[in-house]
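To find a chain, count down the sequence lines: A is the first, B the second, and so on, and within it residues start at 1.
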Amino acid sequence: MNNREVAKVFSDTADLLEIKGEAIYRVLAYRKAAESLSSLGEDINETARTGRLRDIPGVGEAIASKIDELLTTGKISFYEKLAAEIPPTLVEILKVGDVGPKKAARFWRELGITTLAELEAAARAGRLRGLSGMGEKSEARILESIQALGRRESDRISIGVAWPAAQGFLERLKDLPGVAAAEAGGRLRRMRETVGDLDLIVASDAPRPVMQAFLEFPEVERVRGQGETKASVVLHDGLRVQLWVHPEAHFGTALQYATGSQAHNVRLRELALDKGLSLSEHGFKRKTGKEIRCAEEEEVYRTLGLPWIPPEMREDRGEVRAALEGRLPVPVALSDLKGELHAHSDWSDGSTSIEGMARAAAGLGLQYLVISDHSRSLGVANGLSIERLREQRKVISAAQKAVRDVRLLQGAEVEILADGRLDYPDEVLAELDLVVASLHTSLRQPREKVTARLLNAIRNPHVDIVGHPTGRMIGGREAADLDMEAILAAAIDHDIALEINANPERLDLNDAHARRLIELGGLLAINTDAHHPDHIGFRLYGVGVARRAWAPAEAVVNTWPVDRLMGWLGGRG
DNA sequence: GCCGTTTTCGGCCCGACTGTTTTCAGTCG
């Protein structure tokens, strides 16, 4: 079983226990363990084999032994017993908005509902409103939420869609009279791969007109809820947006609160309690009733005796403890990136000439750009034959004369063939400044085979970077089944970098694997895989993943000045 | 069920909003 499958069992266990009415802290313990498992950068089978399950945050004696049982027998007797008691299909109806464990339990016990389809039928038949505490409005909301669930292919949208949408709102909010500041919060600010909605936080001492103006934005289809400080709307395209408006004097605590994650916030509130303070989005409160307001987020952390923690690191993955102990790393920032190491031109499947890409890179202030078009076997992408590759080198030199502000290098994104060989012979690879080796085909091979292909590429002395190592597409194609520990170890052994592909549909490596690589002392490259000048803007998302991985600039090869980069490349093949 | 520079037991975050209520439970983040 893989990490995600194991995590799902524990998250389902938490849901079932909650429906059953178990003590909430027992439920939360299972949920916390599930979250830790899903963000674990190492294969859980390896962690179990080496007896380190208890090192996982939130995994104690009881859950560790259940993980062991699951990995060795394929099931957990505790879960089997629970599932015999509470129908496990009830978990799916918790996805419905306004339906939590209490309602799910009542639908089941009082109406015999066990599945989403049965819940929908009961709502349509008007049978929900008969329950005490439920009326027509509740029933209508539930029905509406079920339909919304069915319409959306997934309940999450890509950060590549959400980010620009949020920026558009923020610009307009900042222009409103009486608005001192506007920021995105939530998963978006933490640079998660996907978000469920947009959380926007505005500082204003006159909240009412700001709220009103927001509700009248043309893309707003309907208002889901509205109070003094919060409003929630649905846009015509189905995107949900939440707006918080707080006075300037609270903006720091409000932004901190709205950024989350929930688990991170719980940690901070626990720390606050240790200091005799109660923390909420409005500020700190002493037992005496005296309040401490924070206009800036830094003040919130300072009050707790902490340095400011970057939003991308706020996932309760040890950042609070690291901050307390003064060993929180400074993660790489967008401004640290000095070059792009993986970009395509119209020589293969890019949209734009080499010179056009060079001008775009120069316009962004990059110091170097590697043109890395596809290799010969990738016919669908117009991969370059050896002859065309050599011809391209001359064109790159000519482009360099035309665009002097950015150093142009010739690379290639070389196919790792199904049998593990590379798509160009070594003597051709040796002619290139930089080699990105990538998998595009036969991603579904068994673990041993696909892992061996990547290892073979890593051992080739000409390969500098492995591109989008797992091949996953978010919400689309599954990652290849790789022995990631072996890949990370080999990459470190051979002093090559693993790519964080910044395309928001890829983000590959993901944050968990990238963090594991950093822990082990490896190197990353943040590459956009640009096929169009605009795609170089994807760097932002790749940096987000690297920051979530706690990667310092030092560990990212394209933050290095060109001389150091060339030295690293030249040290190999 | 987890966890510990106040603890191996006794804690484990806090408030807004909604709908159905006559004061609160449930959900959400």
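Protein atom CG of A:Leu28 is 17 Å distant from nucleotide atom P of B:dG11, rounded to whole Å. The distance from atom CD1 of A:Ile24 to atom P of B:dG26 is 12 Å, rounded to the nearest whole Å. Atom-to-atom, CG of A:Leu273 to P of B:dC12 comes out at 7 Å; the value is rounded to the nearest Å. As rounded to whole Å, 15 Å separates atom P of B:dC28 from atom CZ of A:Arg187. Separating the CH2 atom of A:Trp244 from the C1' atom of B:dA16 is a distance of 10 Å, rounded to the nearest angstrom. Straight-line distance from the CG atom of A:Asp98 to the C1' atom of B:dA16: 14 Å, rounded to whole Å. A straight line from CD of A:Glu291 to C1' of B:dC14 spans 14 Å, rounded to a whole angstrom. A:Arg129 has its CZ atom 21 Å from the P atom of B:dT18, to the nearest Å.
In this model, the phosphate group of B:dC13 is approached by a side-chain N or O of A:Tyr25 to a distance below 4.0 Å at OP1 or OP2. Between A:Lys230 and B:dT18 there is no side-chain polar atom (N or O) within less than 4.0 angstrom of OP1 or OP2. The phosphate of B:dG19 has OP1 or OP2 within less than 4.0 Å of a side-chain N or O from A:Arg141. One finds no side-chain N or O of A:Arg269 lying less than 4.0 angstrom from the OP1 or OP2 phosphate oxygen of B:dC13. For B:dG1, one of the phosphate oxygens OP1 or OP2 lies less than 4.0 angstrom from a side-chain nitrogen or oxygen of A:Tyr30. Considering only side-chain N and O atoms, A:His264 lies nowhere under 4.0 angstrom from the phosphate OP1 or OP2 of B:dC13. Residue A:Ser278 places at least one side-chain N or O under 4.0 Å from the OP1 or OP2 atom of B:dC14.
Nucleic acid contact for A:Glu22: none, since no nucleic acid atom lies under 4.0 Å from a heavy atom of the residue. Here A:Lys32 lies out of heavy-atom contact (under 4.0 Å) with every strand. Within 4.0 Å (heavy atoms only), A:Gly97 reaches sugar-phosphate atoms of the nucleic acid but no base atom. At the heavy-atom level, A:Val99 lies under 4.0 Å from the strands shown only through sugar-phosphate atoms.
As rounded to the nearest Å, B:dC3 and B:dT8 have P atoms that lie 16 Å from one another. To the nearest whole angstrom, the two P atoms, one in B:dT6 and one in B:dG1, are 28 Å apart. Comparing the P positions of B:dC17 and B:dC12 gives an interatomic distance of 26 Å, to the nearest angstrom. Comparing the C1' positions of B:dT21 and B:dG26 gives an interatomic distance of 13 Å, to the nearest angstrom. Here, B:dC28 and B:dC13 have their C1' atoms 14 Å apart, quoted to the whole Å.
With B:dG1, B:dG26, B:dT20 as the candidates, the nucleotide lying closest to the side chain of A:Lys137 is B:dT20. For A:Ser138, the listed nucleotide lying nearest its side chain is B:dG19; candidates were B:dG19, B:dG29, B:dG26. Each of B:dT6, B:dC17, B:dT27 was ranked by its minimum atom distance to the side chain of A:Pro101; first place goes to B:dT27. In the set B:dC2, B:dG29, B:dC13, B:dC13 carries the atom at the smallest distance from any side-chain atom of A:Val266. The side chain of A:Glu270 lies closest to B:dC13, out of B:dA16, B:dG26, B:dC13. Residue A:Gln262 has its side chain nearest to B:dC13 when only B:dC13, B:dG1, B:dC17 are considered. In this structure, of B:dG4, B:dT27, B:dC14, it is B:dG4 that holds the atom nearest to the side chain of A:Arg321. With B:dC14, B:dC17, B:dG1 as the candidates, the nucleotide lying closest to the side chain of A:Thr229 is B:dC17. Listed candidates were B:dC17, B:dC13, B:dG1. Nearest to the side chain of A:Glu228 is B:dC17.
Projected onto DNA chain B by closest heavy-atom contact, A:Ala258 and A:Met134 fall at different nucleotides, the more 5' of which corresponds to A:Met134. Residue whose closest nucleotide on DNA chain B sits further toward the 5' end, between A:Asp199 and A:Gly225: A:Gly225.
Base-pair partner of B:dT8: not found among the strands shown (Watson-Crick or G-U wobble, both distances under 3.5 Å).
Judged by distance alone, the side chains of A:Gln212 and A:Glu216 do bring a donor and an acceptor atom under 3.5 Å apart.
Within the cation-pi definition used here (under 6.0 Å to the ring centroid, within 45° of the axis), A:Lys66 does not qualify as a partner of A:Phe10. Geometric assessment of A:Arg172 against the ring of A:Phe169 yields a positive cation-pi assignment under the 6.0 Å and 45° thresholds.
Between the side chain of A:Asp12 and the main chain of A:Val9, no donor-acceptor pair closer than 3.5 Å is present. Here the side chain of A:Asn45 pairs a donor or acceptor atom with the backbone of A:Met1 at under 3.5 angstrom.
Contact of A:Tyr257 with B:dG29 (side chain to base): a donor-acceptor pair of N or O atoms is detected under 3.5 Å. Applying the 3.5 Å distance criterion, the base of B:dG15 shares no donor-acceptor pair with the side chain of A:Glu281.
Classified by interplanar angle (parallel below 30°, tilted 30° to 60°, perpendicular above 60°), the ring pair A:His250/A:His246 is tilted.
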Checklist entry - Should A:Asn501 and A:Asn503 be marked as a side-chain hydrogen bond (donor to acceptor under 3.5 Å, both in side chains) after you check the CA-CA gap, both sets of side-chain angles, and the distance that decides it? => result CA-CA 6 Å; A:Asn501 190 292; A:Asn503 185 310; 5.1 Å; no

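Contact check on A:Glu297 versus A:Arg189 returns a salt bridge, with a Lys/Arg side-chain nitrogen under 4.0 Å from an Asp/Glu carboxylate oxygen.
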